[in-house]
Amino acid sequence: MTPADPNGSDPSGPADYDPRQYPPVAVTVDLVVLTVRLDALAVLLVQRGEPPFAGAPALPGGFVRPDETLRRAAARELAEETGAAFGSVHLEQLASYGDPDRDPRMRVITVAYLALAPDLPVPCAGTDAAAAAWVPVTGAPPLAFDHDQILADGLERARSKLEYTPLATAFCPPEFTIAQLRRVYEIVWGTALDPRNFHRKITGAPGCVVPVAAATAGGRGRPAQLYRRGDATLLHPPLLRTG
């Protein structure tokens, strides 16, 4: 008999591993895709084209292919639904969900991703969806599977990260005014902000925004200074929702 490895590994190796001894588990990715459309925070929803929950609204997503990483699977699903390029959207892992009964087909563990981008195009339904549309988050219907919880978690992640990171710039074009950035905060947080106070805080946070040698033109009033995102990853001091 081969002695056991003191590090706890199996000395018999993968040749003696029989996957049939374990219950089957599938892995999917689901996406909370948020954008600002028509002055409102909107989430991308699909109408499921296949059972289970055929015809019900849901977050976009799908099974991870054998040759894919989780992030690549999320990027593929995002491109299928929105046509957005992989590098043009803020994409981060949100959380994993694995309750045994979350999917009636079999044991399915999903890894959710949060995607943010400015004014994404009109979506097109992916391979397993009958339709896709942007829906204001305030009017989102009940969703299939456990997607209500995933959406709620994604919204809270986005709202909280606006407090201590420059994530709000992900909803803006490459060059933007402070008023445009403030409006993103107001839409995502659902509250009005004092313009002068916001301007002072956001421009006073080191590395958050950087002025560019241009200003808006063609509108009413004085041209507004344009900015781009800086290299800061954290806001110091943070912009608190209650502040």
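- The distance from atom CG of D30 to atom CG of L114, rounded to the nearest 0.5 Å, is 13.0 Å.
- Here the CZ-CZ distance, from R105 to F63, works out to 4.0 Å after rounding to the nearest 0.5 Å.
- Panel note: side chain D148, backbone L143; a donor-acceptor pair is recorded below 3.5 Å.
- Within the 4.5 Å cutoff, the side chain of L94 has no heavy atoms near those of the Y113 side chain.
- Of the possible polar contacts, one joining the R159 side chain to the V188 backbone as a donor-acceptor pair under 3.5 Å is found.
- Applying side-chain contact (heavy atoms from CB on, under 4.5 Å) to Y227 and the options T177, L181, V212, I178 leaves one that passes, I178.
- For V89 against A115, the heavy-atom pair with the smallest separation is CG1-CB, 3.8 Å.
- Note: C208 SG to L234 CG = 11.0 Å, rounded to the nearest 0.5 Å.
- Between the side chain of D146 and the backbone N or O of Q149, no donor-acceptor pair lies under 3.5 Å.
- A 6.0 Å sphere centred on CZ of R196 holds no more than 12 heavy atoms belonging to other residues, nucleotides or ligands.
- P141 has its side chain within reach of L45: a pair of non-hydrogen atoms, C-beta onward, lies under 4.5 Å apart.
- Ring geometry, F145 versus H147: the interplanar angle falls from 30° to 60°, so the pair is classed tilted.
- Within the 4.5 Å cutoff, the side chain of V209 has no heavy atoms near those of the P166 side chain.
- Nearest heavy atom pair, residue F171 against residue L116, reads CZ-CD2, 3.5 Å.
- Between T110 and R102, the shortest heavy-atom distance links the atoms CG2-NH2, 3.3 Å.
- For R241 (side chain) and L162 (main-chain N/O), no donor-acceptor pair under 3.5 Å exists by modelled atom type.
- Annotation: side chain of P60 is not in contact with side chain of E77 (no heavy-atom distance under 4.5 Å).
- Between L31 and A74, the closest heavy-atom pair is CD1-O, 3.7 Å.
- Annotation: the span from L59 atom CG to R48 atom CZ amounts to 11.0 Å, rounded to 0.5 Å.
- You'll find the side chain of V33 stays beyond 4.5 Å of the side chain of T35, heavy atoms only.
- Side-chain contact check for P24 versus M106: some heavy-atom pair is nearer than 4.5 Å.
- Each of V108 and V111 belongs to its own hydrophobic cluster when Ile, Leu, Val, Met, Phe, Trp and Tyr are linked at side-chain heavy-atom distances under 4.5 angstrom.
- Between the side chain of R71 and the main chain of L91, a donor-acceptor pair closer than 3.5 Å is present.
- Note that the OH atom of Y164 and the NE2 atom of H236 stand 16.0 Å from one another [nearest 0.5 Å].
- Using a 4.5 Å cut-off on side-chain heavy atoms (C-beta onward), R183 and D39 make contact.
- A donor-acceptor pair shorter than 3.5 Å can be found between the side chains of Y97 and D153.
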**Message:** One pair to check against side chain to side chain contact (heavy atoms under 4.5 Å, CB included): L34 and L155. What are the steps and the verdict?
**Reply:** CA-CA 9 Å; L34 301 176; L155 289 170; 4.0 Å; yes
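- No side-chain heavy atom of E163 sits under 4.5 Å from any side-chain heavy atom of L235.
- For R107 against G98, the heavy-atom pair with the smallest separation is NH2-O, 2.8 Å.
- V135 is not connected to F53 by any chain of hydrophobic side-chain contacts under 4.5 Å among Ile, Leu, Val, Met, Phe, Trp and Tyr, and they are in different clusters.
- Residues R157 and S160 share a closest heavy-atom pair of O-OG, 3.1 Å.
- Within the model, atoms CG of D99 and CD1 of I109 stand 10.0 Å from one another, a figure rounded to the nearest 0.5 Å.
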